[in-house]
Amino acid sequence: MSASAVAGAPPNSIEGAVVFTDIVSFTEFNAVEGDEAANELLSAQEMIVNQFLPAGSWLVKELGDGLMLWFPNADVALATCLRLMQRFEEYSLETLQPLWVRMGIHWGRQTRRRADLIGHDVNLAARIANEAGATELLLSEATVAALHDASVAVFEELGPVVMKGIPDPVRLFRAVAR
């Protein structure tokens, strides 16, 4: 049965993990280093993400200096994001360019709109990413609950967090690779 054929779900509805990324201090980097250096940093992020994005997952869209990614399950999303965070850090050390990325993951149901995904769960994933600090990966409680194997990370509960436009506080967890 396809994800769109789930009983009671709209025909263009899918379930998965939405990840938002954001390069921290990109605007300042661009102002100081210039457009060419900023473009190189964006190209590096894109190249790294394309190297690590597994089959069945996809880059939904670019959002300035951030990305929206989709994964078919929470375990794949978490493992990939942890690998990306490690590779971004390595790149920063190798090149002395600040590819400091924050990420947020939320597991839920999204609605397809052409090549895009929309819906409350997409908005929530974006808000979670906004809560993350530089080089930090945050997950919603729903994402942690959807994991089958959480052994790849250590989780620190941040507690219920109130986020702009989200009616109820959301329990967030910081994930650090083991």
Side-chain angles (χ1 to χ4, degrees), residues 14-108 110-119 121-140 143 147 152-154 163-165 172-178:
I14 60 171
E15 189 173 52
V18 173
V19 174
F20 279 91
T21 73
D22 178 59
I23 299 176
V24 177
S25 301
F26 181 79
T27 302
E28 182 180 355
F29 176 81
N30 191 188
V32 172
E33 299 295 329
D35 291 345
E36 187 175 326
N39 190 44
E40 287 175 18
L41 200 60
L42 292 175
S43 294
Q45 176 185 231
E46 181 181 11
M47 179 192 69
I48 291 167
V49 168
N50 285 331
Q51 283 177 342
F52 287 93
L53 204 60
S57 305
W58 85 86
L59 169 62
V60 178
K61 60 184 167 184
E62 294 181 31
L63 303 156
D65 60 310
L67 303 171
M68 179 181 168
L69 309 170
W70 184 87
F71 296 85
N73 71 60
D75 294 282
V76 171
L78 175 61
T80 302
C81 288
L82 290 170
R83 277 191 237 108
L84 287 172
M85 294 298 263
Q86 179 182 2
R87 185 61 192 114
F88 291 149
E89 183 179 339
E90 290 167 356
Y91 175 87
S92 296
L93 293 171
E94 291 165 2
T95 64
L96 301 178
Q97 298 296 318
L99 189 50
W100 303 322
V101 178
R102 63 176 158 206
M103 294 185 187
I105 308 175
H106 178 61
W107 176 264
Q110 305 86 37
T111 299
R112 288 180 184 255
R113 186 171 187 276
R114 293 186 283 280
D116 200 358
L117 296 174
I118 62 168
D121 288 324
V122 172
N123 296 337
L124 185 51
R127 294 293 186 218
I128 292 168
N130 288 341
E131 293 294 323
T135 70
E136 191 171 55
L137 172 59
L138 298 183
L139 292 77
S140 65
T143 306
L147 293 171
V152 297
V154 174
M163 292 179 268
K164 178 182 171 185
L172 295 183
F173 296 82
R174 178 181 297 117
V176 178
R178 286 192 189 259

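Starting from 1, each residue takes its place in the sequence as its number. The figures here come from the full heavy-atom set of this structure, side chains too, leaving out hydrogens, waters and symmetry mates. Nothing here was measured: the structure is a model prediction, and the numbers come from that model.
Shown here is R178, whose CZ atom has more than 12 heavy atoms of other residues, nucleotides or ligands within 6.0 Å. Under a cut-off of 6.0 angstrom, the local environment of CD in E90 is crowded, with over 12 non-hydrogen atoms contributed by other residues, nucleotides or ligands.
With a 4.5 Å cut-off on side-chain heavy atoms, R112 and L117 count as touching. For the pair F88 and R83, the minimum side-chain heavy-atom distance is 4.5 Å or more. In this structure the side chain of L59 never reaches within 4.5 angstrom of the side chain of W70, judged on heavy atoms. By the 4.5 Å heavy-atom criterion applied to side chains, D22 and V101 are not counted as neighbours. By the 4.5 Å heavy-atom criterion applied to side chains, Q45 and I23 are counted as neighbours. With a 4.5 Å cut-off on side-chain heavy atoms, L78 and V152 count as touching. You'll find the side chain of V122 reaches within 4.5 Å of the side chain of M68, heavy atoms only.
The shortest heavy-atom contact between L82 and A177 is CD2-N, 3.7 Å. Across I128 and G104, no two heavy atoms sit closer than the pair CG2-CA, 3.7 Å. Residues I105 and A17 approach most closely at CG2-CB, 4.1 Å, considering heavy atoms. Taking all atoms of both residues into account, the shortest heavy-atom contact from S140 to L172 is CA-CD2, 4.1 Å. When every heavy atom of A115 is checked against every heavy atom of V60, the shortest pair comes out as O-CG1, 3.8 Å. Here the closest heavy-atom approach between residue G64 and residue L42 is recorded as O-CD2, 3.9 Å.
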>> One pair to check against side-chain contact (heavy atoms from CB on, under 4.5 Å): H106 and L124. What are the steps and the verdict?
In response: CA-CA 7 Å; H106 178 61; L124 185 51; 3.5 Å; yes
> Stepwise, does the side-chain contact (heavy atoms from CB on, under 4.5 Å) test hold for Y91 with Q86?
Replying inline: CA-CA 9 Å; Y91 175 87; Q86 179 182 2; over 6 Å; no
> Does the pair F71 and L53 meet the rule for a side-chain contact (heavy atoms from CB on, under 4.5 Å), with working shown?
Replying inline: CA-CA 9 Å; F71 296 85; L53 204 60; 3.8 Å; yes
> Passes side-chain contact (heavy atoms from CB on, under 4.5 Å), T21 versus V19? Steps please.
Replying inline: CA-CA 7 Å; T21 73; V19 174; 4.2 Å; yes
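Residue pairs meeting the side chain to side chain donor-acceptor pair (under 3.5 Å) criterion with at least one partner in residues 52-65, sequence neighbours excluded, are K61-D116.
Every residue two or more places apart in sequence or in another chain was checked for a ring pair (Phe, Tyr, Trp, His ring centres under 6.0 Å) with W100, and none qualifies.
A salt bridge does not link R174 to E131: none of the charged nitrogens lies less than 4.0 Å from a carboxylate oxygen.
F20 CZ to M103 CE: the interatomic distance, rounded to the nearest 0.5 Å, is 13.0 Å. A distance of 11.0 Å separates CG in L138 from SG in C81, rounded to the nearest 0.5 Å.
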List, one per line, each side-chain donor-acceptor pair under 3.5 Å for residues 25-41, sequence neighbours excluded.
{"residue": "N30", "atom": "ND2", "partner": "G34", "partner atom": "O", "Å": "3.2"}
{"residue": "N30", "atom": "ND2", "partner": "D35", "partner atom": "OD1", "Å": "3.0"}

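Under a 3.5 Å cut-off, the side chain of T143 and the backbone N or O of L139 do not form any donor-acceptor pair. Looking only at distances, no side-chain donor or acceptor of R102 sits under 3.5 Å from a matching main-chain atom of E136.
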